[in-house]
Amino acid sequence: MLHKTHRSRWRYSIAAIMAGVGLFAIASPALADHTNRTVILPQNQTVSHDYFEAGSIVEIDGTVNGDVYAAGSQVIVDGTVNGDVLAAGGSVTVDGTVNGNVRVAGGNILIDGRIAKNVSAAGGNVELTHNATIEGSVAAASGSLQDSSNVHGDINAAAGQLTIGSDAHVGGSVVYWSNRVATIGSGTVAGTVTHRIPPSRHHARSWGFAGALFAALYWLVVTYILAALLYWWLPRHAQSVAKSIREQPWRSLGWGIVAAIATPIVGIILMITVIGIPLALSLWALYAVAILLAPVWVIIALRELFSARVSNINKFVALLVVAAVYMLITLIPILGVLFIIVTGLIGLGASLTTGYMAHQRLRHKNEI
């Protein structure tokens with residue numbers, strides 16, 4: 001029974017950490033268009049819906065009556081968030097009040113406020129200060145984890161070095177995976193402390209199904225956030241790509257196959273010419289982004305169909321439902337692989353043809 005409990009906590013920890021890592025994975029493309037942009041939500045301002053922002057610096061001093069999705073070189077949450085916080089950046093600081101969960105990823109992560117639910121963090125250094133109160137549990141993957149906070153629940157961590165200071169309090173148990181023994185102050189942990197050595201590659205093979213499931217959850221989180229951001233920042237383009245997929249799926253599939261085959265060949269030719277290396281690198285980067293976004297466009301198109309048949313449903317809730325169903329289909333042996341390939345090619349073709357037509361319209365209007 002005890003072994004099963006630890007295994008359950010381990011799976012919870014990995015699944016939660018995947019959410020943070022997934023968000024970190026989208027931080028770079030999000031920042032590409034907002035490199036020098038500073039975004040500040042003033043202290044006296046209230047946002048009554050979900051809040052999406054990206055920039056060099058994103059600072060939230062006001063109140064958000066919804067979830068916060070933020071990416072930047074520096075992200076600071078100093079106000080009140082009545083939903084969840086999902087943030088990624090070079091440094092992420094949460095020293096306000098969050099009445100939901102906190103899922104963060106970054107180089108340096110500092111939790112210095114009150115969190116009403118759970119904290120999931122993935123980064124180089126994670127610190128929970130003595131001012132922090134976490135009413136749920138903590139799941140972390142980091143180079144170092146320093147805890148001086150008041151954690152009501154458990155701590156599940158994979159860390160190079162875990163330190164729980166003498167002024168900390170953990171109301172539950174601590175389970176950590178590390179090659180080094182943690183430094184834990186006497187009497188700081190109410191429950192048990194379990195040290196586990198990270199599994200070797202040989203033992204890791206036995207986690208085949210669990211690994212596939214965690215990968216699927218990671219993919220679900222990344223895809224959902226990407227789709228939500230595309231809806232938020234490029235609503236008209238997202239709807240155009242979705243329309244192309246719904247109305248011309250075979251045409252989109254054909255162009256997707258052409259692009260999937262031709263792009264690597266063109267890239268190799270450019271690399272051989274030496275002079276074309278910079279162009280080749282740019283082409284490979286764009287190709288990677290297009291492949292990443294391909295299934296996202298399909299999910300957006302399916303969401304449109306789903307929402308047309310189910311009235312009175314929030315578009316982001318519908319998006320999550322469709323993404324979850326898509327993920328479950330991909331887990332089916334053989335069929336799942338075929339499904340990923342076909343829908344990916346359709347999404348790739350639709351995004352390229354829609355982008356090309358939008359480019360031509362802008363050229364016709366002399367806007368580019």
Side-chain angles (χ1 to χ4, degrees), residues 9 12-13 15-17 19-20 23 41 43 46-47 51 58-70 74-89 91-142 144-159 161-176 182-194:
R9 289 176 179 173
Y12 160 76
S13 301
I17 290 164
L23 184 59
L41 179 66
Q43 187 174 3
T46 299
V47 175
Y51 185 78
V58 178
E59 183 173 347
I60 300 169
D61 298 325
T63 300
V64 177
N65 293 321
D67 297 334
V68 167
Y69 301 82
Q74 185 176 6
V75 178
I76 303 170
V77 180
D78 193 31
T80 299
V81 178
N82 290 316
D84 294 342
V85 170
L86 293 93
S91 68
V92 179
T93 300
V94 180
D95 56 3
T97 298
V98 179
N99 290 315
N101 299 296
V102 170
R103 316 293 192 198
V104 291
N108 292 291
I109 297 170
L110 180 70
I111 306 297
D112 191 46
R114 173 187 166 274
I115 314 301
K117 294 185 179 179
N118 303 309
V119 171
S120 300
N125 299 295
V126 178
E127 181 178 359
L128 313 176
T129 73
H130 68 278
N131 293 322
T133 297
I134 300 164
E135 297 180 12
S137 296
V138 174
S142 60
S144 67
L145 171 61
Q146 300 176 9
D147 175 34
S148 301
S149 68
N150 181 11
V151 179
H152 292 189
D154 302 328
I155 292 181
N156 293 274
Q161 179 62 56
L162 170 64
T163 302
I164 299 180
S166 58
D167 54 345
H169 175 73
V170 181
S173 298
V174 173
V175 179
Y176 70 99
T183 301
I184 301 177
S186 177
T188 57
V189 180
T192 58
V193 176
T194 304

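Under the side chain to side chain contact (heavy atoms under 4.5 Å, CB included) criterion, S149 pairs with L128, A132, I134, D147, V151, not counting sequence neighbours. For S144, the side chain to side chain donor-acceptor pair (under 3.5 Å) criterion is met by N125, not counting sequence neighbours. For Y51, the ring pair (Phe, Tyr, Trp, His ring centres under 6.0 Å) criterion is met by no residue, not counting sequence neighbours. Annotation: side chain to side chain donor-acceptor pair (under 3.5 Å) contacts of D67 (sequence neighbours excluded): none. In this structure, the side chain to side chain contact (heavy atoms under 4.5 Å, CB included) partners of Q43, at least two apart in sequence or on a different chain, are D61. Residues meeting the side chain to side chain contact (heavy atoms under 4.5 Å, CB included) test with T46, sequence neighbours left out: T63, N65. Annotation: side chain to side chain donor-acceptor pair (under 3.5 Å) contacts of T129 (sequence neighbours excluded): D112.
To the nearest 0.5 Å, atom OG of residue S137 and atom CD1 of residue I155 are 9.0 Å apart. Here L145 contributes atom CG and T163 contributes atom OG1; the two are 8.0 Å apart, rounded to the nearest 0.5 Å. In this structure, the separation between OG on S142 and CD on Q161 is 10.0 Å, given to the nearest 0.5 Å. How far CG of N150 is from OG1 of T133: 5.0 Å, rounded to the nearest 0.5 Å. Rounding to the nearest 0.5 angstrom, the gap separating the NE2 atom in H169 from the CD1 atom in I164 is 11.5 Å. T97 OG1 to D78 CG: the interatomic distance, rounded to the nearest 0.5 Å, is 9.5 Å.
Residues Y69 and V85 have side chains not in contact (no heavy-atom distance under 4.5 Å, counting atoms from C-beta outward). Put simply, the side chain of T188 does not reach to within 4.5 Å of the side chain of V170, judged on heavy atoms. Counting heavy atoms from C-beta on, the side chains of V68 and I60 come closer than 4.5 Å. Under the 4.5 Å side-chain criterion, counting only non-hydrogen atoms from C-beta, I115 is in contact with V94. L162 places a side-chain heavy atom less than 4.5 Å from the side chain of V174. Contact annotation: the side chain of N99 never approaches that of V81 to less than 4.5 Å [non-hydrogen atoms, C-beta and beyond].
Scanning all heavy atoms of the two residues, the minimum distance from A70 to V58 falls at CB-CG1, 4.1 Å. Across all non-hydrogen atoms, the minimal contact from A190 to G171 is CB-O, 3.4 Å. Residues V98 and G83 come closest through the heavy atom pair CG1-O, 3.5 Å. The two residues G172 and V189 make their nearest non-hydrogen contact at O-CG1, 3.6 Å.
Residue pairs satisfying the salt bridge (charged side-chain N to carboxylate O under 4.0 Å, His left out) criterion with at least one member in residues 113-141, sequence neighbours excluded, are listed as follows: R114-E135.
The backbone N or O of A182 lies less than 3.5 Å from a partner atom in the side chain of Y176, making a donor-acceptor pair. A donor-acceptor pair under 3.5 Å links the side-chain atoms of S173 to the main chain of T192, judged by distance alone.
When the options V75, T93, I109 are evaluated for a side chain to side chain contact (heavy atoms under 4.5 Å, CB included) with V104, the one that passes is I109.
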